[in-house]
Amino acid sequence: MNTISKEILREMYKRMNEARAFEEKVSYFFARGMVHGTTHLSIGQEASAIAACMALNDDDLMTSTHRGHSQVIGKGIDLNKMVAELLGKYTGYCKGKGGSMHIADVEVGNLGANGVVGGGHGIAVGAALTQKMKNTGKIVLCFFGDGAANEGSFHEALNLASVWKLPVIFYCENNQYGMSVPIDKTMNIENVADRASAYGIPGYIIDGNNAIEVYTKMKEIAKYVRGGNGPVLVESKTYRWLGHSKSDAQVYRTKEEVETWKKKCPIQQLRKYIIENNVMDARELDEIENNARKAIEDAVIFANNSPNPPIESVTEDVYA
Amino acid sequence: MNTISKEILREMYKRMNEARAFEEKVSYFFARGMVHGTTHLSIGQEASAIAACMALNDDDLMTSTHRGHSQVIGKGIDLNKMVAELLGKYTGYCKGKGGSMHIADVEVGNLGANGVVGGGHGIAVGAALTQKMKNTGKIVLCFFGDGAANEGSFHEALNLASVWKLPVIFYCENNQYGMSVPIDKTMNIENVADRASAYGIPGYIIDGNNAIEVYTKMKEIAKYVRGGNGPVLVESKTYRWLGHSKSDAQVYRTKEEVETWKKKCPIQQLRKYIIENNVMDARELDEIENNARKAIEDAVIFANNSPNPPIESVTEDVYA
Amino acid sequence: MREMTYKEAINLAMREEMRRDPDVFLMGEDVGIYGGAFGVSVGLIEEFGEERVRDTPISEAIITGAAAGAAVTGMRPIVEIMFMDFTTLAMDALVNQAAKMRYMFGGKAKVPMTLRCAGGSGTGAAAQHSQSLEAWFCHIPGLKVVVPGTPKDAKGLLKAAIRDDNPVVFVEQKTLYKEKGMVPEEDDFIIPLGVGEIKKEGKDVTVVSYGRMLPRVLKVAEELEREGISVEVVDPRTLVPLDKEIIINSVIKTGRAVLVNEACKTGGYLGEIASVIVESEAFDYLDAPIVRLAGLDVPIPYNPELEKAVVPSEEQIRAGILKVLNR
Amino acid sequence: MREMTYKEAINLAMREEMRRDPDVFLMGEDVGIYGGAFGVSVGLIEEFGEERVRDTPISEAIITGAAAGAAVTGMRPIVEIMFMDFTTLAMDALVNQAAKMRYMFGGKAKVPMTLRCAGGSGTGAAAQHSQSLEAWFCHIPGLKVVVPGTPKDAKGLLKAAIRDDNPVVFVEQKTLYKEKGMVPEEDDFIIPLGVGEIKKEGKDVTVVSYGRMLPRVLKVAEELEREGISVEVVDPRTLVPLDKEIIINSVIKTGRAVLVNEACKTGGYLGEIASVIVESEAFDYLDAPIVRLAGLDVPIPYNPELEKAVVPSEEQIRAGILKVLNR
Ligand SMILES: Cc1ncc(C[n+]2csc(CCOP(=O)(O)OP(=O)(O)O)c2C)c(N)n1
Ligand SMILES: Cc1ncc(C[n+]2csc(CCOP(=O)(O)OP(=O)(O)O)c2C)c(N)n1
Ligand SMILES: [Mg+2]
Ligand SMILES: [Mg+2]
């Protein structure tokens, strides 16, 4: 466990705090009607997303989801461009055309968030096929939710990747609900990971609120996948603290349930671990937190000062 | 084992021979270009299809496949209308509009063959939902192939049926190939039935060339499903003797492999069982066989004497 | 008659039909306690219970296929596909199965199902949550296609759709959900499928439009009226079957036609409507080329200004009408 | 130049492109040793091996999605979907993912994939194996759509499609697979997407047609020629981008237009072509209403006589042309 370097832990703590600060800001924007569209926040799931990304190499690839802010921050991202995209600015990752649900940075291997539940499965499989055919040694991290595990694309993707032995980690963030519907109403089994056996691949269950566990296990798993052994299915158990999207009265779950999970805050857990293991002290961590918040404020200023896309751009980039 | 009545065995042997004779006739027609379109023959799979159907009640429902001749004969069908449909006649089950791939008889619970691999999954689930909501006590038998088990619809169907506890038997006729591709190139597991665990439902493997086994096990399984316990996945191991469809040079498999399986002829096996158990003697069985062949010849005469659909009918029955 | 929103009208139509006929039920993602992503089914689970208001897993293909299977065996399912964009996942079930079963089986089956979905842009939901794909369904024999533009039409047409013995694709318009209008409350208020309506009479020019664009067109038409230009606004309401007569007669009367919808122009249903006009006797009455005003041929962008620029604006509709009048 | 079949021309195009560019590969059901359901890829696995000619499980959605994913990361996949009808299973991957990625990501991605599929009726394969759904794809910005009508076009256009940096839907015509024609053998013979061709010059009437109907139209045109009626036959070859100019110029020249395709009439692409004509300056040159000759609005029936009755026959094409000429 102590093998995680201070550098990594610092970066992990930083990214998790950035994600939290980013989403709190987004939530604030939405509450005040300052952004249009909708958004899906992952507060509570930061360890699950960020530690998983960080266990991979920088040049590995990933597909992200509608609930993808932590995922792409985990991959390493320019916060200015991200906030700018959220605000629909021309300086954003997608020149203002994508918004919260489509943050992508293909050049660095972020193949995009996806508005379609399960929409990333095929893209991840194809990206993994490229890595295999070009023998790049890179692997692909495919994020999806518990709800997405009931889409046909899940099945077809795991099957194809398994017969072709493609280097992809199917990473299910099981936050217990698909929108309003709890997992026990949409699946007749205990764990999403149990589905791995249907494809003859390993399945793993990890505590998605424990960044150390996520990172450590994902390191091993990534090694296995990089070794040419084919895909794996990982289930990261976690929970979203906020509603599904901006307009969710959350009548489908109890306040108590939410409170229980808030006690397992992934950021607080990591903080505790870092302090208890004498990696950094509270002051250092506070500074990281403050910097994270500051980084978001700076990004907001950058975005606010950025131009809107010119109207002519509406017809640009349909075709290459 | 001896609990199967003579009546049932006689009917089973009859239907299996009718299916064989029917398909040999179809094969003959195609070889001579006397029918248009294509067809998928199930010679070698008669026990798998017919004994399964016969284990259910007459008023239970079924969905069939592109390789569905034995399946619908198993369900009990008017051979005249069936041959007429194959020949595109107005007296056929579908008034000549469906052909080999769309034989249906909704009134008696045959919800149709299907040209789309996996296309019957949804229909079967919906039919089972009707039975549950209307509390009819009927169950649904959903036929599909090993290849179809890789379609997304397989996954979504088994999942939905399992969470809603619907009375449907997902019955996979694993004949080792999806068209030219052997199952070990399309699935990374040994048995299709192993996928049952992904839905928390029972999976069964049966010897699809052994009518007695199919019938006996399916009787039990039908009872379980009728009992309100939800769906099951059954894998019936079998083999198709002929090519995939009319134009198949079969370069993907060896003659030896085919010969091995021909030795496990389901009709011969049933014949042997009947004789050894003194249920009927060879003469009786020969008579059934001859009658079966005669029934097909009669059906061909019926069909040949039937009118083609009037051209005006081309625009009929698009809407109810 | 009572004033209610488009959304409430749809809710009421489902409620009435479910009360009337025990075979009618609703299934879809989050249609239960959540009331659907847009709140259209709010309250139904409380009245009809979990058996008849069924939350499903996220499995569009099988929900739609199961609707076909339930319909062909005696139920009258309503399926909600949350966004029209996700019908892409259900096309085999809808197009190859539901639409064709009756014909393939020689008329010996009926498939009384209604697929509801929310179409259109304007909510900032970007490229994968904003499409208007009605033209696809119109191209498939066996399907009927409805796009209501007012609360009243929404109620009357949905009831007709549910009672219809064929698969009906019922396209709701996200941006109209909160629009209000007077809606008959009688249980037997039905608007038959295939009957258009003249939403405003006029004599100088015919504008054919439906769905979300309708209020926009009507607003422009009223402005122009005050300026002395008499615009007739024809709403086909159902795209399949299409009330050709009402369109053709109007164009014969006015001699000019502007067609307005939100969907991408290329390959959209306006091409069909234009062709119906030019193939008919109305061709000889046309005093000017037909003008199609449709969405730009681009995916829907996120930025609100770009998003607005994609669909015909009031100014563009006005300009289109003036153009066809050579003014 | 060498005489070869349409099927061989497609095979050759793939072979040449795979030789030229190691990033090009083929995947699909039974494309390997079986050579594809129609034998189009025969011999490719022998030359290029299992890595580049990939038999897939029966999983249309993921094959298509994987093509998008492979394309966006640097490969140039060709996907074969056995029958066009089964693209219904791949619409999310094609329409919501492949077609939109570039735009959604602000131009920072390209998706050079080609989806080949076999369209059309005429083989006795009935309702679920015979559709002509090209209009669907034409309605989706981000996709290009090609329907070659001759072996030469098939080769030149497929090579262009493979080299194109966008997703291209390449619709092969089952009933043309065995048609023969002269085909350039040069490796650099490319027909650019978006460029139509006048397949026969004429001056009395323009017939716009593509794909399977083309040989039929040409046959009728030649017959009429002998009877003194000069028919110009325009083949757009690619439906998106559409060579509007070649169509409009021809109609301006002849003043009359007949449009012929096999797809169902309602909501089909002929509506688009008709609209393009009437919206253009050609409108003023039109001496008669445009005539659309398309498939009946029915699923494809099995019986051979019924099946034939669904698509425009030579007699109907002839009658349509004479009608537009008022003869
Ligand atoms: C194909 C599709 N169906 C439905 C939706 C609407 N939708 C968006 S997110 C969501 C729930 C997804 O649940 P899960 O996969 O568990 O992810 P989570 O939101 O919990 O992170 C739904 C139903 C969608 N975007 N795409
Ligand atoms: C969705 C779809 N994809 C492809 C096909 C073409 N096809 C017809 S049968 C078949 C093989 C099916 O294999 P399996 O499910 O094992 O059934 P079998 O033919 O062996 O009985 C294929 C690929 C189809 N009909 N439908
Ligand atoms: Mg979830
Ligand atoms: Mg098989």
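Chain identifiers are assigned alphabetically (A, B, ...) following the order of the sequence lines, protein sequences preceding nucleic acid strands; residue numbering begins at 1 within each chain.
- Crowding of D:Lys323 atom NZ: a count of heavy atoms from other residues, nucleotides or ligands under 6.0 Å not exceeding 12.
- Within the structure, salt bridge (charged side-chain N to carboxylate O under 4.0 Å, His left out) pairs that include any residue of residues 53-64 of chain D comprise D:Glu51-D:Arg54 (at least two apart or interchain).
- Counting heavy atoms from C-beta outward, B:Val318 and D:Asp297 have side chains that stay 4.5 Å or more apart.
- The two residues D:Asn303 and B:Gly88 have their closest heavy-atom pair at ND2-O, 2.7 Å.
- Of the listed residues D:Pro304, D:Ala125, D:Ala61, D:Ala127, the one with more heavy-atom pairs under 4.5 angstrom with chain B than any other is D:Pro304.
- Other residues, nucleotides and ligands contribute more than 12 heavy atoms inside 6.0 Å of the NZ atom of B:Lys25.
- Residues of residues 89-97 of chain B having a heavy atom under 4.5 Å from any heavy atom of chain D, listed by number: B:Gly96, B:Lys97.
- Looking at D:Leu306, both its backbone and its side chain come within 4.5 Å of chain B, counting heavy atoms on both sides.
- By number of non-hydrogen pairs under 4.5 angstrom with chain B, the leading residue of D:Gly32, D:Pro57, D:Ala309 is D:Pro57.
- For D:Pro299, the part sitting under 4.5 Å from any heavy atom of chain B is the side chain, from C-beta outward, and nothing else.
- Chain D forms the most heavy-atom pairs under 4.5 Å with one residue out of B:Leu86, B:Ile183, B:Val117, and that residue is B:Leu86.
- Contacts with chain B (heavy atom to heavy atom, under 4.5 Å) involve these residues of residues 35-47 of chain D, listed by number: D:Ala37.
- Put simply, OG1 on B:Thr186 and CD1 on D:Ile58 are 7.5 Å apart, with the number rounded to the nearest 0.5 Å.
- Contact of the B:Ile311 side chain with the D:Glu305 side chain is registered, since non-hydrogen atoms from C-beta on lie closer than 4.5 Å.
- What you find for B:Asn150 and D:Ser59 is that their closest heavy atoms are O-OG, 2.9 Å.
- Across every non-hydrogen atom of D:Ala126 and B:Gly98, the tightest pair is CB-O, 3.6 Å.
- Shortest non-hydrogen contact noted between D:Tyr34 and B:Ser247 is OH-O, 2.8 Å.
- The closest donor-acceptor contact from the side chain of D:Tyr302 to the backbone of B:His36 lies under 3.5 Å.
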**Message:** Run D:Gln128 and B:His66 through side-chain contact (heavy atoms from CB on, under 4.5 Å) and show every step you take.
**Reply:** CA-CA 11 Å; D:Gln128 294 174 332; B:His66 61 285; over 6 Å; no

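- Proximity of B:Val314 to D:Val310: side-chain heavy atoms (C-beta onward) are separated by under 4.5 Å at one or more points.
- For D:Glu50, the CD atom counts as loosely surrounded, since its 6.0 Å shell holds 12 or fewer non-hydrogen atoms of other residues, nucleotides or ligands.
- Within residues 80-90 of chain D, the residues having any heavy atom under 4.5 Å from a heavy atom of chain B are, by residue number, D:Met82, D:Phe86, D:Leu89.
- Both the backbone and the side chain of B:Met179 come within contact range of chain D, each with at least one heavy atom under 4.5 Å from a heavy atom of that chain.
- Of the atoms belonging to B:Thr38, it is backbone heavy atoms, and not side-chain ones, that fall under 4.5 Å from chain D.
- When heavy atoms are compared at a cutoff of 4.5 Å, B:Asp248 approaches chain D by way of both its backbone and its side chain.
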